[in-house]
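Report on one structure; see the data block that follows.
Small disclaimer: the values here were computed from a predicted structure and weren't measured. Values below: every heavy atom of this structure, side chains too, minus hydrogens, waters and symmetry copies. Below, chain A is the first sequence line, B the second, and so on; all start at residue 1.
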Protein chains: 2
Amino acid sequence: MENRIERIKTQLHSQSYKLTPQREATVRVLLEHEEDHLSAEDVYLLVKEKSPEIGLATVYRTLELLSELKVVDKINFGDGVSRYDLRKEGAEHFHHHLVCIECGTVQEIDEDLLGDVEKIVERDWQFKVKDHRLTFHGICSKCQKKSE
Amino acid sequence: MENRIERIKTQLHSQSYKLTPQREATVRVLLEHEEDHLSAEDVYLLVKEKSPEIGLATVYRTLELLSELKVVDKINFGDGVSRYDLRKEGAEHFHHHLVCIECGTVQEIDEDLLGDVEKIVERDWQFKVKDHRLTFHGICSKCQKKSE
DNA sequence: ATATATGCAAAATCTTTGCACTTCT
DNA sequence: AGAAGTGCAAAGATTTTGCATATAT
């Protein structure tokens, strides 16, 4: 945890950004909720618990900055809000998601499932892949059992 | 073209919706721009050219309705707007997209690239896949040539 | 010192809703 | 007639911006 913050600090400094207390508080919230998919508002409320003076605009600006640095990924599951998801350290690619259309749960898949598909895209479409977004919509195992 | 409108009409009627002139105008715009990824505003402006009396709210309501009927898919490429993409007739799954991070072009891939991946997800995560969203971000062939 | 960052409130965007009116069947 | 659909303007929701103040190196 402290290590990761340290590394993010270095990354910020290398581009002459600062790791202010507000930014650190935001990063900590993200680290403590790695499995969730928080909206800016969610992050704001959680940061506010420990640093009540923070403003929503700062959270937006911080998330935007972390996005640029590829520390977080901005995703959108189709409800009107952007969600922010911490990138696994060292992960070249964004992980995948399983969204349950019954209960709304979002599950993460860290495994790289797209290696072969990317090769096909690069070969057949001459498209140099840099990143991807893959989300499956369907019914999670719990909901399948429920409806039996 | 006329065939497709006829079939959409039938589909609407089967759930006691009507194909009003406004809805038909909207569908025609979508058919004429199958390769594009229009926002609600884009659709509105195009419909307005031929049916100036239409309102933006109606366009939103129509797109929402067509979305429910799975005639269009609502997608989001991360700029703050939803885009609407006509589903290929008979296509079980949503097609894929290649977004160029240099020029912003969006290319479509109709081929199903995810058959094997879906099998893995169903087997290893007990997740019943109903649909998917796959977007690659990278550099299109044109932009690759430009920067050589 | 000086560039960077913050908080607040205002503005900008995108989308949805209420309501009176119109249009189909 | 009655349900369904429309247009307009107002309201909601999310995100961005301007600006005066505060903070870090």
Angle of first-five versus last-five pair axes in the helix from C/dA1-D/dT25 to C/dT25-D/dA1, to 10 degrees:
30°
Tell me, which pairs form a salt bridge (charged side-chain N to carboxylate O under 4.0 Å, His left out) where one or both residues lie in residues 63-77 of chain B, sequence neighbours left out?
B/Asp73-B/Arg87, B/Asp73-B/Arg133
When rounded to whole Å, the CG to P distance for the pair B/Asp42 and C/dT13 reads 15 Å
Within residues 22-30 of chain A, residues whose heavy atoms come under 4.0 Å of DNA chain D:
none
Using atom types as modelled and distance alone, determine if a side-chain donor or acceptor of B/Gln107 lies under 3.5 Å from a backbone N or O of B/Val99.
no
Among residues at least two apart in sequence or on other chains, which ones pass side-chain hydrogen bond (donor to acceptor under 3.5 Å, both in side chains) with B/Lys9?
none
For A/Glu24, the side-chain hydrogen bond (donor to acceptor under 3.5 Å, both in side chains) test, sequence neighbours excluded, returns A/Arg28
Nearest whole angstrom, please: distance from the P of D/dG5 to the CD of B/Gln15.
11 Å
Who else is in A/Ile139's hydrophobic cluster (ILVMFWY, side-chain heavy atoms under 4.5 Å, direct or via others)?
A/Ile101
Contacts of type ring pair (Phe, Tyr, Trp, His ring centres under 6.0 Å), residue B/Tyr60, not counting sequence neighbours:
none
Can you check the B/Asp79 CG to C/dA12 C1' distance for me, whole Å?
16 Å
Going 5' to 3' through nucleotides 14-25 of chain D and flagging B where a protein heavy-atom sits under 4.0 Å of the base, S where only the sugar-phosphate is that close, and - otherwise, we get SBBBB-----B-
Who are the side-chain hydrogen bond (donor to acceptor under 3.5 Å, both in side chains) partners of A/Asp79, not counting sequence neighbours?
A/Arg83
For A/Asn76 and D/dA13, give me the distance from atom CG to atom P, rounded to whole Å.
18 Å
Earlier contact from the 5' end, DNA chain D, for B/Ser16 and B/Ile54:
B/Ser16
Enumerate, atom names and distances included, each donor-acceptor pair closer than 3.5 Å involving a side-chain atom of residues 47-57 of chain A, sequence neighbours excluded.
{"from": "A/Lys48", "atom 1": "NZ", "to": "A/Tyr44", "atom 2": "OH", "distance (Å)": "3.3"}
{"from": "A/Lys48", "atom 1": "NZ", "to": "A/Pro52", "atom 2": "O", "distance (Å)": "3.1"}

Separation of C/dA5 atom P from A/Glu53 atom CD, nearest Å, is 17 Å
Between C1' on D/dT6 and OH on B/Tyr17, what's the gap in Å once rounded to a whole number?
16 Å
Quick one: side-chain hydrogen bond (donor to acceptor under 3.5 Å, both in side chains) pairs with a partner in residues 29-39 of chain A, sequence neighbours left out?
A/Arg4-A/Glu34, A/His33-A/Asp36, A/His37-A/Asp85, A/His37-A/His97, A/His37-A/Glu108, A/Ser39-A/Asp42
Those residues that, when tested against B/Glu41, pass salt bridge (charged side-chain N to carboxylate O under 4.0 Å, His left out) (two or more places apart)
none
Determine whether a donor-acceptor pair (N or O, by modelled atom type, separation under 3.5 Å) exists between the side chain of A/Glu102 and the backbone of A/Cys140.
no
